[in-house]
Undergrad: 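Please find one structure pasted underneath; my questions will follow.
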Amino acid sequence: MHEALLSHSRTLAPHAFQEPQEFPWAWRTEVPWELKALRPWKHPKDHAAWAGRLPRRASSASLAQRLQGLAWGVACVGGDSAQQTLEQLVKQLPRQIRSAPEEVAAWVQDQLTLPVQTASGHLAWPWTVVLAAELLPFLASHAEPSQWWGWLERIVRLVQQFASPGQEPPWQWQLLGGELAWRVSQLWPELKPIRDLARQAHRVLSHGLVELCDGQGMVHGRHLKEFPLLLACWTRCRKLLTQPWSAKAQDQFDWLVRQMLRVVRGDGSWSWHPPGGRPADRQMVLEALALAADRYDRAMARSVLPPNWTRRLPAAEVKWLPPISYQSDWAQVALLQTHWNRTGPRLWVNYCRPEPQVELLCGGKLLWQGPLRLTLSSPSQQWQSPSSWECVLWSSDEDGDYLELAGDLEPEGRVYRHLFLAREDGFLLLADTVYLPQPQDRVHYRLQIPLAPGVCWSPEPENTEGLLRVGGRALARALPLAAPEWKRECSVPPLQQHAGELWINLVHQGSRFFVPVLFDLRQQRLGQGCTWRRLTVAQQRRVLGPEEAVGFRIQLGRKQWVLFRGVDGVGNRTLLGANLYCEFSLRRFRPDGMTEPLIEVLPEES
């Protein structure tokens, strides 16, 4: 019954079980007088009387209802098969507790007596402990007294071991030290060693919600992939109790539900995971909305969730929606998105690791997913990509979202990464500005963009641009602005696919350079013509080189833009007859021939 579930494993932090020993069981002062005369942990006859009381407090039907959401989010760490197997187990056990209690008792014995190395290596181990605790009231009359009390002792000791904050992974700490502690304190409130577990659960869950979130419900980037597991644990606790945590933690849970609407994709799947929503997670999302959503959350849910999910949600009339985009310096994540809808372009950037993780969706399809890898080398030297990144600028308005990251190269140097998602114009600009300590004769630059499974690069036969396709359908066009438009003028292909990645290549001479690539995400425009040109940038009647300042003119269909980057700093530069005093500028041509800024980065002193 349990072998398939335990086959899905990953390494977890080991927690040493203590050997069974005499446990200080005792009754609380408030228990009925008929219990005070019993010592069921020592005398078999007393245990029989105790066992007769336990099934009264929970029927097998209520057990099935309680276990209904236990499998929420399990696919995030174990895959769909692990979640399906756990769902089957949750359905089978309430029925088998009536028909074959001896088999269930044998299963509980296996789970709670696993060796330390075996238990800590199984993904399913935390959930099987929770399952075992729920089954114990029904097994008291089907096990030896010493065996049953040994099971309960093992569960209590395990819950106590997860009382310390900050244990990894956090979902496991919250599940066992918080949620399970609450449930154990509800199942056996008469026992004195269990009376403190409710206070522990309140403390652990409150600490988890406050410390694992950034103040607005977003978890840290290193835990973003496990967001559904944390949400599942906290949603079950909130459903179980009216106030399982502090008021400050409740504020975080309310914010968490809004962040959930950003993390869920339009097809119902979770960001950073393979596409395709599952019914169990649909129930979790709807439960969380029912527990904490306000009218704005309900309006947003109707915009971003699949229509069949929100059919029964109460109507919410609002005049405006909160910003869809989000950035958190503490969490080290950013979401660039155009609108609250299911199919619009959206870009996640998780920069808490040396290689920033990205996820790009366009037209409801996943285009990128994975780490951005930067490689810089010359014939005489190799530079290591930054070991950490920081957000130096974030801007979000009606024109678009702009994120600028910075990191130090090893042994020397610095790189700035610019990402701009145009809200109405429908394109993504990805660019790097590289600063090296000494001029180099020949610097090889390569940025490797991870393509999602099923995405292929379709280059143009004569030009250097190309299309990203999914199943033969073109979803985006890439323009390497730093390279010539024609392949015959390039010694190295500026864009090429290799091993499931899109490589951006550039060979540069000097110590400073700017590498922009523009991705057209508007599918209606992909069949129209496109072109780009490098522009002349001047200062005081002197033409500037690419190490000082660069400018580009881009045309997609009938729309045109001009891009400027001051590589060596800020000065009074002339571009297309206009004076610019800024570090970075992206402007759109109006029908009258004038330009208007989409994003303009001014010097710090201004």
Side-chain angles (χ1 to χ4, degrees), residues 349 351 353-358 368 370-389 404-419 428-451 456-457 459-460 462-466 468 478-519 532-534 537 544-552 563 565-568 584:
V349 183
Y351 54 94
R353 295 182 176 88
E355 294 176 342
Q357 307 281 315
V358 294
W368 304 351
L372 284 175
R373 296 188 174 93
L374 174 64
T375 303
L376 284 169
S377 63
S378 70
S380 60
Q381 191 171 359
Q382 179 93 15
W383 287 270
Q384 298 294 329
S385 59
S387 59
S388 63
W389 295 82
E404 185 173 334
L405 305 175
D408 293 326
L409 300 169
E410 295 292 340
E412 289 183 276
R414 192 163 175 83
V415 59
Y416 291 86
R417 180 154 295 162
H418 317 267
L419 298 113
L428 170 67
L429 177 69
L430 169 64
D432 280 352
T433 306
V434 178
Y435 295 91
L436 302 177
Q438 301 294 334
Q440 304 291 326
D441 293 335
R442 190 176 177 86
V443 180
H444 293 264
Y445 166 94
R446 175 179 295 161
L447 183 65
Q448 299 169 221
I449 301 176
L451 299 179
C456 64
W457 170 247
E460 293 293 334
E462 298 181 355
N463 302 338
T464 54
E465 77 266 16
L468 290 173
L479 281 64
L481 304 183
E485 186 176 359
W486 304 98
K487 288 184 176 179
R488 62 176 179 268
E489 301 177 17
C490 300
S491 58
V492 178
L495 295 173
Q496 60 182 140
Q497 184 175 0
H498 181 77
E501 295 177 326
L502 180 64
W503 286 8
I504 302 173
N505 299 305
L506 179 71
V507 179
H508 185 81
Q509 184 177 4
S511 61
R512 299 185 294 267
F513 55 92
F514 178 62
V515 187
V517 178
L518 188 138
F519 294 88
W532 71 94
R533 293 289 184 272
R534 187 185 290 263
V537 183
L544 302 181
E547 287 197 358
E548 297 172 295
V550 291
F552 304 91
L563 172 65
R565 175 66 165 119
V567 182
D568 66 345
F584 182 92

Undergrad: Could you check whether any side-chain heavy atom of Arg442 comes within less than 4.5 Å of a side-chain heavy atom of Val507, counting everything from C-beta outward?
TA: yes
Undergrad: Heavy-atom distance under 4.5 Å between the side chains of Arg534 and Val550, does that happen here?
TA: yes
Undergrad: Is any side-chain heavy atom of Val358 closer than 4.5 Å to a side-chain heavy atom of Pro450?
TA: yes
Undergrad: Minimum heavy-atom separation for Gln382 and Pro411, please, with both atom names.
TA: O-CD, 4.2 Å
Undergrad: Tell me if a side-chain donor or acceptor on Gln497 pairs with a main-chain N or O of Trp457 at a distance below 3.5 Å.
TA: yes
Undergrad: Measuring from atom CD of Glu465 to atom CZ of Phe519, what distance do you get when rounded to the nearest 0.5 angstrom?
TA: 12.5 Å
Undergrad: On the 0 to 90° scale, with breaks at 30° and 60°, tag the His418-Phe584 ring pair as parallel, tilted or perpendicular.
TA: parallel
Undergrad: With a 4.5 Å heavy-atom cut-off, do Leu447 and Trp503 have their side chains touching?
TA: no
Undergrad: Report yes or no: is the cationic atom of Arg414 (NZ for Lys, CZ for Arg) under 6.0 Å from the centre of the six-membered ring of Tyr416, at an angle within 45° of the ring normal?
TA: yes
Undergrad: Under the side-chain hydrogen bond (donor to acceptor under 3.5 Å, both in side chains) rule, collect the residues that match up with Arg446, sequence neighbours excluded.
TA: Asn505
Undergrad: How far does NE2 of His444 sit from CG of Leu376, to the nearest 0.5 angstrom?
TA: 11.0 Å
Undergrad: Hey, what do you get for CG (Leu495) to NZ (Lys487), rounding to the nearest 0.5 Å?
TA: 9.5 Å
Undergrad: Determine the minimum heavy-atom distance between Val443 and Leu436, stating which atoms define it.
TA: CG2-CD1, 3.9 Å
Undergrad: Closest approach of Pro516 and Phe552, non-hydrogen atoms and distance?
TA: CG-CE1, 3.8 Å
Undergrad: Nearest 0.5 angstrom please: Glu501 CD to Leu372 CG, how far?
TA: 9.5 Å
Undergrad: Tell me, do Ile449 and Leu430 make a side-chain contact under 4.5 Å, heavy atoms counted?
TA: yes
Undergrad: Count the heavy atoms of every other residue, nucleotide or ligand shown that sit under 6.0 Å from CD of Glu462, and state whether that count exceeds 12.
TA: no
Undergrad: Can you name the side-chain hydrogen bond (donor to acceptor under 3.5 Å, both in side chains) partners of Asp432, sequence neighbours left out?
TA: Arg417, Tyr445
Undergrad: Side-chain contact test, heavy atoms from C-beta onward, threshold under 4.5 Å: evaluate it for Trp368 versus Leu502 and give yes or no.
TA: no
Undergrad: Starting from the C-alpha separation in whole Å, work towards a yes-or-no answer on salt bridge (Lys or Arg N to Asp or Glu O under 4.0 Å) for Arg533 and Glu485.
TA: CA-CA 8 Å; Arg533 293 289 184 272; Glu485 186 176 359; 2.4 Å; yes
Undergrad: State, with a plain yes or no, whether a side-chain heavy atom of Pro439 is found less than 4.5 Å away from one of Glu547.
TA: no
Undergrad: Are more than 12 heavy atoms from other residues, nucleotides or ligands located less than 6.0 Å from atom CD of Gln438?
TA: no
Undergrad: If I take atom NE2 from residue His508 and atom CG from residue Asp441, how far apart are they, to the nearest 0.5 angstrom?
TA: 11.5 Å
Undergrad: Between Thr464 and Pro484, what is the shortest heavy-atom contact and its length?
TA: OG1-O, 2.9 Å
Undergrad: Please round to the nearest 0.5 Å and tell me the distance separating atom OH of Tyr435 and atom CG of Asp568.
TA: 7.5 Å
Undergrad: Using modelled atom types only, decide if a donor and an acceptor are shared between the side chain of Trp532 and the backbone of Ala483 within a distance under 3.5 Å.
TA: yes
Undergrad: How far apart are the closest heavy atoms of Val415 and Val434, and which atoms are they?
TA: CG2-CG2, 4.1 Å
Undergrad: Does Leu419 reach the side chain of Leu429, with side-chain heavy atoms less than 4.5 Å apart?
TA: no
Undergrad: Which pair of non-hydrogen atoms, one from Leu409 and one from Pro386, has the smallest distance, and what is that distance?
TA: CD2-CD, 3.8 Å
